[in-house]
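Side-chain atoms are counted along with the backbone in the values below, which use heavy atoms only and exclude waters and symmetry mates.
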Amino acid sequence: MKIIADLHTHTMVSQHAYSTIDELSTMAFERGLCALAITDHGPGMPDGAIAHHFYCLAGLPHVVNHVRLYQGAEVNIMDYAGTLDLESNLLDRLEFVIASYHIECIKPQTITQHTEGLLRAIENPQVDCLGHCGNPMFPIDAKAVVKACAAHHKLIEINASSFKVRPGSHATCRNIAQLCAEYGVNIVVNSDAHAKWFVGEHTDALSMLAEIDFPEELVLNASESRMNTYFELNKKG
């Protein structure tokens, strides 16, 4: 399986990341990717982007260094009612919105609460994808989350960085992937790169998917035509 786009990356606007858009897109092109989503952290993260950053993304070119640039955000789920850290009018301007839990923004509680927060995010029409929900800090009822994604046509991310930076993620990611295959839920395989050297680095995630014989046709960013169709049908605004 070949991943043709990395739809979760961070620039220096997220202050714990270390590369520019130019550096990320150059690396993406060198590694054979056709597209890149810039998804900096929302303002709920202590060193995330200010809200105005997301407003101004519309001024960027759509192609940088021969790579299609999708304007996005990784928004923070701020409470277990699914409140996000960007206002609706800003989310409406973005092409790709990932919603995630981060311990800097919300305190881990119970499986029931973690699941409820994700279910509320899934119901939000401006959220496209759930980010790194294999994180062992926030255990969930994976079947309930996957079934909700199936009902609302939302994506689930298999986050390649989790296999290294979130110890204990492998088993949960594997279970989520198996449930996605069972319920026909599309996934995206992303790097969550916080520096240029990790753009397109999906090795551990792809190895896990190969172990369970995950169907390639359910991997959105393994096909340029499939991905382009998705973005055409899911235009916001």
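How far OG1 of T11 is from CD1 of I38: 6.5 Å, rounded to the nearest 0.5 Å. Within the model, atoms CE of M1 and OG of S207 stand 11.0 Å from one another, a figure rounded to the nearest 0.5 Å. Note: D192 CG to F198 CZ = 11.0 Å, rounded to the nearest 0.5 Å. The CD atom of E201 lies 11.5 Å from the CZ atom of F163; values are rounded to the nearest 0.5 Å. One finds the CD atom of Q71 at 12.5 Å from the OH atom of Y55 (value rounded to the nearest 0.5 Å). Put simply, CG on L36 and CG on N190 are 10.0 Å apart, with the number rounded to the nearest 0.5 Å.
Transitive grouping of hydrophobic side chains (ILVMFWY, heavy atoms separated by less than 4.5 Å) brings L7 and Y230 into a common cluster. Note on I4 and L218: separate hydrophobic clusters, where clusters join Ile, Leu, Val, Met, Phe, Trp and Tyr whose side-chain heavy atoms are under 4.5 Å apart, directly or indirectly. Both Y101 and L130 are assigned to one and the same hydrophobic cluster, defined by single-linkage of ILVMFWY side chains at heavy-atom distances under 4.5 Å. In this structure, I103 is a member of the same hydrophobic cluster as Y80, with clusters built from ILVMFWY side-chain heavy atoms closer than 4.5 Å. In the hydrophobic clustering of ILVMFWY residues, with side-chain heavy atoms under 4.5 Å counting as a link, F29 and L60 come out together.
A side-chain contact (heavy atoms from CB on, under 4.5 Å) with V75 is found for one member of T83, I98, L90, L91 and no other, namely L91. Remark: of the listed residues H41, E104, H10, H41 is the sole one forming a side-chain contact (heavy atoms from CB on, under 4.5 Å) with H16. Considering H102, M45, E157 as possible partners of E74, the one that fulfils the side-chain contact (heavy atoms from CB on, under 4.5 Å) test is H102. Results of the side-chain contact (heavy atoms from CB on, under 4.5 Å) test with H202 over I158, L209, I3, N159 single out I3 as the only residue that passes.
Within a 6.0 Å radius of CG in D213, other residues, nucleotides and ligands contribute 12 heavy atoms or fewer.
Counting heavy atoms from C-beta outward, H53 and L57 have side chains that approach closer than 4.5 Å. Contact check for T20 versus M12: side-chain heavy atoms found under the 4.5 Å cut-off. By the 4.5 Å heavy-atom criterion applied to side chains, I187 and L220 are not counted as neighbours. Using a 4.5 Å cut-off on side-chain heavy atoms (C-beta onward), V165 and H132 make no contact. Side-chain contact check for L69 versus P61: every heavy-atom pair is 4.5 Å or farther apart. Residues N65 and D22 are in side-chain contact: their nearest non-hydrogen atoms beyond the backbone lie under 4.5 Å apart. In this structure, the side chains of H8 and C129 stay at 4.5 Å or more apart for every pair of heavy atoms. A 4.5 Å side-chain heavy-atom check between T9 and S191 finds at least one atom pair inside the cut-off.
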Legend entry - Stepwise side chain to side chain contact (heavy atoms under 4.5 Å, CB included) check, C133 with L118: CA-CA 9 Å; C133 47; L118 291 186; 4.2 Å; yes
Legend entry - Candidate pair Y18 and H194, rule ring-ring contact (aromatic ring centres under 6.0 Å, His included), full reasoning: CA-CA 6 Å; Y18 300 94; H194 282 61; 8.3 Å; no
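In this structure, the side chain of R166 does not engage the main chain of G134 through any donor-acceptor pair within 3.5 Å.
Residues S14 and D40 share a closest heavy-atom pair of OG-OD1, 2.7 Å. Nearest heavy atom pair, residue A121 against residue I77, reads CB-CD1, 4.1 Å. G42 approaches D85 most closely through the heavy-atom pair C-OD2, 3.1 Å. Nearest heavy atom pair, residue C180 against residue F214, reads CB-CE1, 4.1 Å. Residues N89 and R93 come closest through the heavy atom pair O-CG, 3.4 Å. What you find for P43 and L86 is that their closest heavy atoms are CD-CD2, 3.5 Å.
Cation-pi contact between R68 and Y70: present, with separation from the ring centre below 6.0 Å and deviation from the ring axis of at most 45°.
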Enumerate donor-acceptor pairs with a distance under 3.5 Å from any side-chain N or O in residues 148-156 to protein atoms, sequence neighbours excluded.
residue: K154; atom: NZ; partner: I122; partner atom: O; Å: 2.7
residue: K154; atom: NZ; partner: N124; partner atom: O; Å: 2.7
residue: K154; atom: NZ; partner: V127; partner atom: O; Å: 2.9

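Between E216 and R226 there is a salt bridge, since at least one side-chain N of the basic residue sits less than 4.0 Å from a carboxylate O of the acidic one.
Pairs passing the side-chain hydrogen bond (donor to acceptor under 3.5 Å, both in side chains) check and including a residue from residues 167-183, sequence neighbours excluded, read R174-E211.
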